[in-house]
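Heads up: the structure comes next, in structure tokens.
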Amino acid sequence: MKLAVLNGSPRGDWSNSIRMARWVTKEAPVYNLDRAVRHEEVLEGIRSAEAYLIVIPLYVDSMPAQVKAFLELMEKNRDDFSGKRICYIVHSGFPEAIHSYNLRDYLEYYSELMDMDYLGTLIMAGSESLQMAPDKFFRKKMPFFKQVNDSLLKGEKLPEGINRKMNRVEKHSPLGNMLYGLFPFKNWYWHHRAKQHGTKESLRARPY
């Protein structure tokens with residue numbers, strides 16, 4: 001089976017998305033969608049594939065604009081993809097998996113619209129931590145990515161309940177939200193990233 005992997009992150013080769021893609025497969029070619037001017041070239045490269053994996057970072061409860069543009073390009077060439085297998089990985093820096101559910105539902109709808117064989121969407125919450133840790137810190141999550149590869153190879157849907165097993169937190173309870181708000185180090189990484197990009201103005205600024 002010929003598999004094509006699409007990296008939907010604007011960070012391209014430096015992204016968490018490409019790292020996750022390599023947890024699924026080290027053999028399949030990866031095509032970056034970070035530059036819309038190259039989308040036609042990418043489309044030509046993936047036409048002959050039999051199955052597709054698209055890895056998407058969550059942006060404002062949806063997807064990066066480059067991914068949306070490419071999905072629209074695929075739709076214009078729907079006959080090239082009809083009947084083929086497709087699976088997605090959606091990840092976000094949010095600690096709760098529920099933030100990715102709307103995008104998961106959209107991707108299922110899109111796949112049906114394309115008449116593709118939708119195998120499911122794996123969700124990974126808290127993915128921004130990949131920026132600071134080696135693979136061995138995620139060894140408990142890696143078997144779930146292996147299941148994505150197995151599903152694509154066999155043409156079988158992802159196992160029922162895989163996302164509940166993958167993520168410890170689907171949605172914080174009111175008590176969980178309160179305790180999370182009191183956690184003293186939760187914003188350290190975000191402050192660090194904001195300073196790198198020159199956007200940090202106040203130590204009191206925080207994303208949560």
Side-chain angles (χ1 to χ4, degrees), residues 1-35 42 45-46 49-59 62-64 66-67 70-71 74 84-101 103-108 110-111 116-170 189 193:
M1 182 204 66
K2 185 176 179 181
L3 171 65
V5 179
L6 299 169
N7 171 16
S9 174
R11 295 177 183 172
D13 288 335
W14 306 102
S15 63
N16 293 330
S17 298
I18 203 166
R19 188 170 171 187
M20 291 181 199
R22 286 312 182 202
W23 289 350
V24 175
T25 174
K26 289 182 169 58
E27 289 79 29
V30 176
Y31 298 85
N32 291 333
L33 301 179
D34 55 332
R35 297 180 62 191
V42 171
I46 69 171
E50 302 165 89
Y52 302 91
L53 170 65
I54 306 181
V55 188
I56 306 171
L58 189 73
Y59 274 35
S62 186
M63 67 187 84
Q66 295 95 325
V67 178
F70 191 77
L71 294 183
M74 286 178 64
K84 296 182 178 181
R85 303 170 188 174
I86 190 165
C87 195
Y88 304 88
I89 296 172
V90 174
H91 63 96
S92 78
F94 292 112
E96 302 166 294
I98 195 172
H99 292 279
S100 298
Y101 286 1
L103 180 53
R104 173 201 61 188
D105 294 344
Y106 171 83
L107 294 171
E108 180 176 5
Y110 171 82
S111 303
M116 299 184 76
D117 184 10
Y118 173 71
L119 303 179
T121 299
L122 181 69
I123 293 172
M124 180 176 177
S127 64
E128 197 65 19
S129 58
L130 268 70
Q131 294 284 325
M132 300 183 292
D135 283 358
K136 65 181 180 180
F137 281 79
F138 304 96
R139 59 186 179 275
K140 291 184 179 179
K141 293 187 180 293
M142 287 185 178
F144 298 107
F145 291 87
K146 176 65 165 56
Q147 287 182 305
V148 172
N149 188 49
D150 291 344
S151 290
L152 285 163
L153 288 173
K154 299 174 182 177
E156 299 175 351
K157 292 190 179 299
L158 291 176
E160 187 74 25
I162 188 173
N163 288 316
R164 288 193 299 273
K165 295 176 182 177
M166 170 79 157
N167 301 284
R168 292 188 302 171
V169 180
E170 181 180 50
Y189 175 75
R193 295 287 291 178

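For reference, positions follow the sequence shown, starting with 1.
For the pair K165 and P159, the minimum side-chain heavy-atom distance is 4.5 Å or more. Side-chain contact between K84 and M116: present, with at least one pair of heavy atoms (C-beta onward) separated by less than 4.5 Å. A 4.5 Å side-chain heavy-atom check between V24 and I89 finds at least one atom pair inside the cut-off. Residues L58 and I123 fail the side-chain proximity criterion, which asks for heavy atoms closer than 4.5 Å. A 4.5 Å side-chain heavy-atom check between L71 and I54 finds at least one atom pair inside the cut-off. You'll find the side chain of M124 stays beyond 4.5 Å of the side chain of F144, heavy atoms only.
A distance-only check finds a donor-acceptor pair linking the side chain of N163 to the backbone of T121 [under 3.5 Å]. A donor-acceptor pair under 3.5 Å is absent between the side-chain atoms of Q66 and the main chain of R35, judged by distance alone. For the pair R85 (side chain) and L153 (backbone), a donor-acceptor distance under 3.5 Å is present. In this structure a side-chain-to-backbone donor-acceptor pair under 3.5 Å is missing from S92 to A125. Checking side-chain atoms of Y88 against main-chain N and O of L103 turns up no donor-acceptor pair under 3.5 Å. In this structure, the side chain of N7 does not engage the main chain of V30 through any donor-acceptor pair within 3.5 Å. The main-chain N or O of A97 is never found under 3.5 Å from a side-chain atom of N167 such that the two would form a donor-acceptor pair.
In this structure, the separation between OG on S151 and CD1 on I162 is 7.0 Å, given to the nearest 0.5 Å.
Residues satisfying the side-chain hydrogen bond (donor to acceptor under 3.5 Å, both in side chains) criterion with S9, sequence neighbours excluded, are absent altogether. When the salt bridge (charged side-chain N to carboxylate O under 4.0 Å, His left out) test is applied to R19, the partners found at least two apart in sequence or on another chain are D135. For the ring-ring contact (aromatic ring centres under 6.0 Å, His included) test, residues two or more places apart in sequence or in another chain that qualify with F70 are H39.
Between W23 and F145, the two ring planes are perpendicular [angle over 60°; tilted spans 30° to 60°].
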Under the side chain to side chain contact (heavy atoms under 4.5 Å, CB included) criterion, do M63 and V90 qualify, and how do the steps go?
CA-CA 9 Å; M63 67 187 84; V90 174; over 6 Å; no
Verdict with reasoning, N32 to I18, per side chain to side chain contact (heavy atoms under 4.5 Å, CB included)
CA-CA 9 Å; N32 291 333; I18 203 166; 4.2 Å; yes
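Around NZ of K157, the count of heavy atoms belonging to other residues, nucleotides or ligands within 6.0 Å exceeds 12.
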